[in-house]
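Notes follow the structure.
Every number for a ligand or one of its atoms is a count from 1 in the order of the listing.
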Amino acid sequence: MPEVETIVRDLREAVVGRRLRETEVVLPAAVRYPAVDEFTSLLTDRVFLGSHRRAKYILLPLSGDLLLAIHFALWGTLALVPTGQPRLPETLILWHLDQYQDLRLIDKLGYARAAVGPPDELAHQLDLNSLGPEALDPDFDVTVLTRQLARRRGVLKSVLLNQRILAGLGNRDADESMWLAGIDPRRSAASLTAEELIRLQAAIVRVLHEGIDLRGTQRDLFGVKGQAVHRRNIFEKARQPCPRCSTPITYLRIGGRNTYYCPSCQK
Ligand SMILES: [Zn+2]
């Protein structure tokens, strides 16, 4: 999530208020909604009015009562570059802006997606209204976390990644939060004690804020790499010593996602 939030803030600074002149779709599959022709024609000659995030969606309100939604999937990103700059082979969509600049959707895996439409229609198409509360919202507290995890018999790791239960946690965010809170990712979500819920809520907020302060792990809108990768305790550190107790970090897959945890100090 820190990667998405970083780009959202960069867009607010560098793109909001500017004009989108024309759209060029390189990979038709990258347009999730509506059809490609309608997508490009709807996006002609609009002004960016705002930039915000809902779960892992970047939402950009446009003039003409439209909303542009972008989802990075695993490796997607946006770059703001001069229109004349050569295109990377992994470029999926180019938005030609004013001042000879492009906003480019880039993804080496090709899974990133964009959609546009009137806000209500788009919310329906992307099922935005079924998303859970935002972990980065000032209202997210232990009461909210307790309510969202109550009666969830699923494995804690999978429940934390379910955006309908809690919006905004990525794979790394979830693993680092559970390590910080000292909770085993294989536990049932409903089994957490009141004290564990307090620790987990505080850990989630801290991990997300640290990630954002360090501007994530990937490149920002201007191509500058974030520093959050240097602040990882256990994520992608299999067999390395746990920073808290020196036990080698264990790797396993939970619900199809890579998971890292300390078998000794995460109970
Ligand atoms: Zn440990």
Taking only residues two or more places apart in sequence, or in another chain, which ones meet Glu196 in a side chain to side chain contact (heavy atoms under 4.5 Å, CB included)? Ile183, Arg187, Leu192, Thr193, Arg199
Let me check something: any side-chain donor-acceptor pairs from residues 57-76 under 3.5 Å, sequence neighbours excluded? List them with distances.
| from | atom 1 | to | atom 2 | distance (Å) |
| --- | --- | --- | --- | --- |
| Tyr57 | OH | Arg32 | NH1 | 3.2 |
| Ser63 | OG | Val47 | N | 2.8 |
| His71 | ND1 | Ala73 | N | 2.9 |

Are side-chain N/O atoms of Gln85 and Arg104 paired as donor and acceptor at under 3.5 Å? no
Only protein N/O/S atoms count here: give how many lie under 2.8 Å from the Zn ion (ligand 1). 4
Please report the interatomic distance OG1(Thr77) to CG(Asp107), rounded to the nearest 0.5 Å. 9.0 Å
Please tabulate, for side-chain N and O atoms in residues 109-117, each donor-acceptor pair with protein atoms closer than 3.5 Å (sequence neighbours left out).
| from | atom 1 | to | atom 2 | distance (Å) |
| --- | --- | --- | --- | --- |
| Arg113 | NE | Ala29 | O | 2.9 |
| Arg113 | NH1 | Gly110 | O | 3.0 |
| Arg113 | NH1 | Tyr111 | O | 3.4 |

Run through Leu180, Asp173, Leu169 and flag the one making a side-chain contact (heavy atoms from CB on, under 4.5 Å) with Ile204. Leu169
